[in-house]
Amino acid sequence: SLSINVNNPADATTWSQQVLPDHVTEIRITGFFDALQFPQKLTLLELDSSGNLLQQDFQHLPPTLKKLHLHRVSPSLTPEVVKSLPKLRSLTMTRVEPFGAEWVRAGLPETLTCLDLLPHYSWSNESLALLPRGLRSVNISKLKKLNDQGIALLPPHLTTLNASGSRYIT
């Protein structure tokens, strides 16, 4: 496991260009970062920052990656990047905007069992119907327009659902 905290933007490029050891399986980065070269055995990647990742950085995530947690990461990811994600089991994205229906239509990894996405500005019932069917845990607490019809479209094997911000569920 490797935890990195970079408080000075000038230092981001310096350490980001270093090749991380292949035996590192978990990386947690807080602060500033630039494009990264990911170890090939990486299973967990947490980025909490105003980092400057490029779209192609996400297209080169190692196939071993199972958990991806992004908080305040820019720029916003495109639906094409979503299509190229490895076979993740867990995806958490907070304050990464926009994350709308086009992402879901692009095809989140079918291997996902846990999905935590905040906010959900442009989600519809149609989007919920397209979520990976193997999901067990979903946090859509900021989806204010969720209604009973949307609940019926969620994956059938959910064991945990956070929909606390929804006003239209009876």
Side-chain angles (χ1 to χ4, degrees), residues 3 26-33 36 38 42-170:
S3 293
E26 297 182 0
I27 297 176
R28 291 170 180 83
I29 302 172
T30 304
F32 296 91
F33 54 87
L36 300 171
F38 302 105
L42 191 65
T43 60
L44 168 75
L45 177 60
E46 290 183 12
L47 302 174
D48 181 354
S49 169
S50 54
N52 186 24
L53 288 179
L54 303 173
Q55 301 295 330
Q56 61 262 27
D57 294 326
F58 284 97
Q59 293 172 336
H60 297 290
L61 290 170
T64 55
L65 190 68
K66 300 300 178 206
K67 296 179 181 182
L68 179 60
H69 302 249
L70 304 174
H71 181 69
R72 297 180 298 172
V73 174
S74 64
S76 298
L77 304 179
T78 64
E80 291 74 31
V81 170
V82 172
K83 285 182 197 178
S84 70
L85 289 174
K87 295 181 179 184
L88 300 173
R89 286 192 304 242
S90 176
L91 176 61
T92 301
M93 296 181 70
T94 55
R95 295 179 67 189
V96 176
E97 299 177 36
F99 190 94
E102 66 277 4
W103 281 52
V104 180
R105 282 193 290 276
L108 290 168
E110 285 297 320
T111 52
L112 280 180
T113 59
C114 181
L115 184 61
D116 187 352
L117 301 172
L118 300 169
H120 313 275
Y121 291 104
S122 63
W123 282 46
S124 64
N125 285 348
E126 175 192 86
S127 301
L128 297 173
L130 297 174
L131 288 174
R133 306 321 288 164
L135 281 170
R136 303 273 185 206
S137 175
V138 174
N139 179 359
I140 50 176
S141 62
K142 300 291 183 190
L143 186 58
K144 292 180 170 76
K145 294 183 180 181
L146 181 64
N147 57 28
D148 294 337
Q149 292 80 18
I151 294 288
L153 296 172
L154 288 167
H157 303 290
L158 279 181
T159 56
T160 305
L161 172 64
N162 182 352
S164 59
S166 304
R167 303 178 201 156
Y168 304 105
I169 300 174
T170 56

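Here, residue 1 is the first one in the sequence, and each next residue gets the next number. Everything numeric here is computed off the predicted structure, so don't read it as measured data.
- Atom OG1 of residue T43 and atom CD of residue E26 lie 5.0 Å apart, to the nearest 0.5 angstrom.
- In terms of heavy atoms, C114 sits closest to L135 at N-CD2, 3.7 Å.
- Side-chain contact check for N162 versus V138: every heavy-atom pair is 4.5 Å or farther apart.
- Here the closest non-hydrogen pair linking L65 and L45 is CD1-N, 3.7 Å.
- To the nearest 0.5 Å, atoms CG (L153) and CD (Q149) are separated by 8.5 Å.
- With contacts defined as side-chain heavy-atom distances shorter than 4.5 Å, the pair I151/I169 qualifies.
- Considering CZ of R136 and CG of L112, their distance stands at 13.0 Å, rounded to 0.5 Å.
- At most 12 heavy atoms of other shown residues, nucleotides or ligands fall within 6.0 angstrom of atom NZ in K67.
- A distance of 5.0 Å separates CD1 of I140 from CG of L128, quoted to the nearest 0.5 Å.
- Listed by chain and number, the residues in a side chain to side chain donor-acceptor pair (under 3.5 Å) with S137 amount to none (sequence neighbours excluded).
- For E110, the side chain to side chain contact (heavy atoms under 4.5 Å, CB included) partners are P132, not counting sequence neighbours.
- Contact annotation: the side chain of L131 approaches that of L108 to within less than 4.5 Å [non-hydrogen atoms, C-beta and beyond].
- Of all heavy-atom pairs spanning P63 and P86, the tightest one is CA-CB, 4.1 Å.
- With rounding to the nearest 0.5 Å, the separation of NE2 in H71 from OG1 in T94 is 4.5 Å.
- Atom CG of L115 and atom OG1 of T160 lie 12.5 Å apart (nearest 0.5 Å).
- Of the possible donor and acceptor atoms, none in the side chain of S141 sits under 3.5 Å from a partner among the backbone N and O of S164.
- The shortest heavy-atom contact between P155 and R133 is CA-NH2, 3.4 Å.
- T64 and L42 make their closest contact through OG1-O, 2.6 Å (heavy atoms, listed as atom of the first residue, atom of the second, distance).
- By the side chain to side chain donor-acceptor pair (under 3.5 Å) test, T92 is found to be paired with H69, residues two or more places apart in sequence or in another chain being considered.
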